[in-house]
Amino acid sequence: MIQLEQVDRNFMVGEQQVRALADVNLEIAAGEYLSIMGPSGSGKSTLLNIIGLLDRPSNGKYRLAGRDTTGLDDNEQARLRRESLGFVFQFFHLIPRLTAAENIGLPMILAGIPAEQRQQRIRQLLQDYGLTDRADHRPDQLSGGQRQRVAIARATVMSPQILLADEPTGNLDRASGKEVVRIIEQLNNNGITLIVVTHDPELGRRARRQLHMVDGRIVEDSAGEHAHGSR
Amino acid sequence: MVPADVFRFTLTTFRSNRLRLGLMLSAMVIGVAAVVILASLGEAARRFVIGEFSALGTNLVLVFPGRTETSGGIPPLVGEAVRDLTIEDALALLRSPAVIRVAPINVGTAPVARGRLERDATVVGTTADMLQVRHMKMAEGEFLPAVDPRRAEPVVVLGDTMRTELFGTEPALGQWVRIGDRRFRVAGVLESAGESLGIGLSDAVFIPVASAQMLFDTPSLFRIMVEAKSRAMIAQAKQDVIAIIRDRHDGDEDVTVITQDAVLQSFDRILRALTLTVSGIASISLAVAGVLIMNVMLVAVSQRKAEIGLLKAVGASPRQILLLFLTEAGLLAFCGGLIGVGVGELGSQLVQWWYPVLPMGAPVWVIPAVLAVALLSGIIFGVSPARRAARLDPVQALARR
Ligand SMILES: Nc1ncnc2c1ncn2[C@@H]1O[C@H](COP(=O)(O)OP(=O)(O)OP(=O)(O)O)[C@@H](O)[C@H]1O
Ligand SMILES: [Mg+2]
């Protein structure tokens with residue numbers, strides 16, 4: 001499903017070059033549950049952004065569902081993000097002036113799905129995530145846990161194959177965090193490929209496959225130890 | 001994205017920032033209102049002048065002695081002797097089937113006196129048909145008698161100011177006045193007609209054209225007013241007039257013939273062009289409003305970075321972001337334009353109320369044109385902020401650093 005070959009990502013900060021990712025090789029199969037851990041600044045978010053087509057590698061190849069993504073233009077990448085990828089962020093990133101239901105419907109609007117069809121899907125998701133009575137509330141009228149559930153609903157409204165979560169529980173109390181984890185793991189049980197970046201070892205250990213990053217490199221891959229041998 | 005959704009999304013951006021909305025709208029409102037009011041004023045001026053000119057008569061053809069070179073050619077080297085226009089020339093014009101009435105005119109200034117009371121007045125020598133040709137109305141008595149124009153009857157018709165100055169409230173009909181050294185009997189008084197293109201009929205007196213020729217000791221006419229049978233006959237009447245005069249003047253075309261229609265049309269053209277120019281200049285203010293929209297939109301783009309990044313993350317293409325921001329700028333400009341049209345119409349009404357003589361009212365093309373210009377200026381000046389939004393790097397935009 002996801003294949004990265006010798007991926008580098010360099011940033012220029014003034015005169016200095018920062019290597020956020022260095023020679024990353026990674027293969028992720030459909031339906032996997034994977035966590036990425038490591039110290040701050042080790043490149044976890046950068047890796048997730050590249051997988052999510054929000055960023056492009058400086059060098060190397062990224063194949064998504066068998067297709068080389070480096071040759072795709074901005075509009076084709078946007079289409080893949082819309083249809084195949086879902087994002088959940090630490091800071092929710094809901095649009096403050098839109099209601100919960102409107103925030104959830106946003107990707108469908110961008111995809112040009114007609115209103116009646118949207119309403120049906122939104123109602124379904126609100127129900128699934130226990131948000132039915134919050135449908136017309138704006139983000140500032142919602143608790144952190146509710147906001148993140150709205151964000152997850154928005155990420156999954158287009159039924160993507162891959163869900164990318166960057167510190168999804170980082171801004172939540174324990175109870176809300178647990179609820180969010182339960183929801184995304186449920187999605188994984190139903191077949192979605194789940195990739196979670198986290199600082200929380202407890203959450204990280206829940207994943208069937210765990211990556212450790214240091215200084216832009218993957219220094220540990222639990223799948224490599226058990227399945228493929230060292231690489 | 002479905003257009004309805006694009007608009008709905010854009011409307012949500014309006015309700016989130018009222019101050020910004022008000023600022024951008026008011027700039028456009030002022031600009032558009034200015035255009036509408038100025039266009040109304042220009043149109044009012046046009047209608048006023050055309051109205052005044054139409055009041056002179058209907059389907060008029062004016063004949064002046066002497067040839068005016070309007071083609072810009074070199075005047076003939078061997079000077080043609082300009083023949084006088086005579087009463088006989090005027091009467092001959094009635095031979096044309098396209099001509100219904102003619103009024104030969106002779107004008108001069110002379111003292112008009114009643115007893116010791118004396119006034120200098122414009123003395124117009126003409127015939128009975130003048131009343132209809134020139135659309136004048138009688139207040140008292142009759143106009144000049146419909147007799148042979150070559151007869152010098154001693155009758156006079158007074159303009160209403162002359163009547164008051166000479167007779168006050170006393171009866172004037174049947175009384176005698178002296179013009180120059182001749183005596184005339186007052187046959188009638190004109191109704192007050194007000195000013196007409198600066199020529200006051202009120203200060204004039206009218207006598208038979210033959211009497212005027214004797215008074216001023218000249219056989220030549222100042223001009224001939226010819227009324228064509230209908231609007232369609234004007235061209236025919238003009239042609240006939242030229243042919244008849246040429247025939248009577250040994251083949252020389254030594255008169256200038258102007259149709260009221262042609263004069264009206266050139267006034268109309270000039271004043272329309274003036275309105276267009278003034279509106280065009282006022283439209284520059286719409287570009288100023290556009291610049292303001294651009295700046296406020298640029299601020300909006302940097303304020304809404306996170307939102308733009310998020311839109312990209314959930315699958316908005318650069319093209320869609322561009323479309324959303326262009327719609328926002330265009331819709332703002334257009335709404336401002338609509339309100340501006342309302343304010344402009346209101347302003348025009350106010351001017352109308354202040355100066356009732358001005359027939360205010362923007363020409364029909366102004367409103368769609370000004371709205372189109374407003375929309376266009378919004379979109380054009382929206383391009384730069386919209387492109388900035390479309391190019392925004394989503395990772396940067398979403399980052400909280
Ligand atoms: N846009 C950028 N410009 C310059 N440097 C950047 C940029 N984005 C990331 N970096 C650098 O790349 C490195 C990796 O950053 P990244 O955000 O991926 O780290 P991270 O592992 O997600 O850290 P954290 O756990 O704090 O979120 C860091 O050194 C960071 O400073
Ligand atoms: Mg990070």
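Naming: A, B, ... by sequence-line order, numbering from 1 per chain. All values below were derived from every heavy atom in this structure, side-chain atoms included, with hydrogens, water molecules and symmetry-related copies excluded.
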Between atom CG of Asp55(A) and atom CD of Gln396(B), what is the distance when rounded to the nearest 0.5 Å? 9.0 Å

How many angstroms lie between CG in Asp166(A) and CG in Leu398(B), if you round to the nearest 0.5 Å? 10.0 Å

Turns out that what part of Glu102(A) lies under 4.5 Å from chain B's heavy atoms comes down to side chain

Shortest non-hydrogen separation from Ser317(B) to Ala78(A) and the atoms involved: CA-CB, 3.5 Å

Here the pair of heavy atoms bringing Arg81(A) nearest to Gly315(B) is CB-CA, 4.2 Å

Atom OG1 in Thr12(B), atom CG in Leu98(A): separation rounded to 0.5 Å? 5.0 Å

For residues Arg97(A) and Glu307(B), determine if any side-chain heavy atom of one lies less than 4.5 Å from a side-chain heavy atom of the other. yes

State whether the number of non-hydrogen atoms from other residues, nucleotides or ligands found under 6.0 Å of Asp215(A) atom CG is greater than 12. no

Looking only at heavy atoms, the pair that brings Phe87(A) and Ala313(B) closest together is CD1-O, 3.6 Å

Need one label for Pro318(B): side chain, backbone, both or neither, based on atoms under 4.5 Å from any heavy atom in chain A. both

Does atom CZ (Arg47(B)) have a neighbourhood of more than 12 heavy atoms from anything else shown, all under 6.0 Å? yes

In terms of heavy-atom proximity below 4.5 Å to chain B, should Ile95(A) be classed as side chain, backbone, both, or neither? side chain

Tell me whether Arg15(B) at atom CZ has more than 12 heavy atoms from other residues, nucleotides or ligands lying less than 6.0 Å away. yes

Minimum heavy-atom distance between Leu311(B) and Leu106(A), given as atom pair plus value: CD2-CD2, 3.7 Å

Within this structure, what is the CG-CG distance for the pair Leu94(A) and Leu310(B), rounded to the nearest 0.5 Å? 7.5 Å

Are any non-hydrogen side-chain atoms of Ile109(A) and Phe9(B) less than 4.5 angstrom apart? no

Is Gln17(A) atom CD crowded by more than 12 heavy atoms from other residues, nucleotides or ligands, each under 6.0 Å away? yes

With a cut-off of 6.0 Å (strictly less than), are more than 12 heavy atoms of other residues, nucleotides or ligands near CZ of Arg121(A)? yes

Can you tell me which portion of Arg138(A) sits under 4.5 Å from chain B's heavy atoms? Options are side chain, backbone, both or neither. side chain

Considering residues, nucleotides and ligands other than Phe7(B), do more than 12 of their heavy atoms fall under 6.0 Å from its CZ? no

Segment of Asn49(A) engaging chain B (4.5 angstrom heavy-atom cut-off): side chain

Side-chain donor or acceptor of Arg319(B) paired with backbone N/O of Asn75(A) under 3.5 Å: no

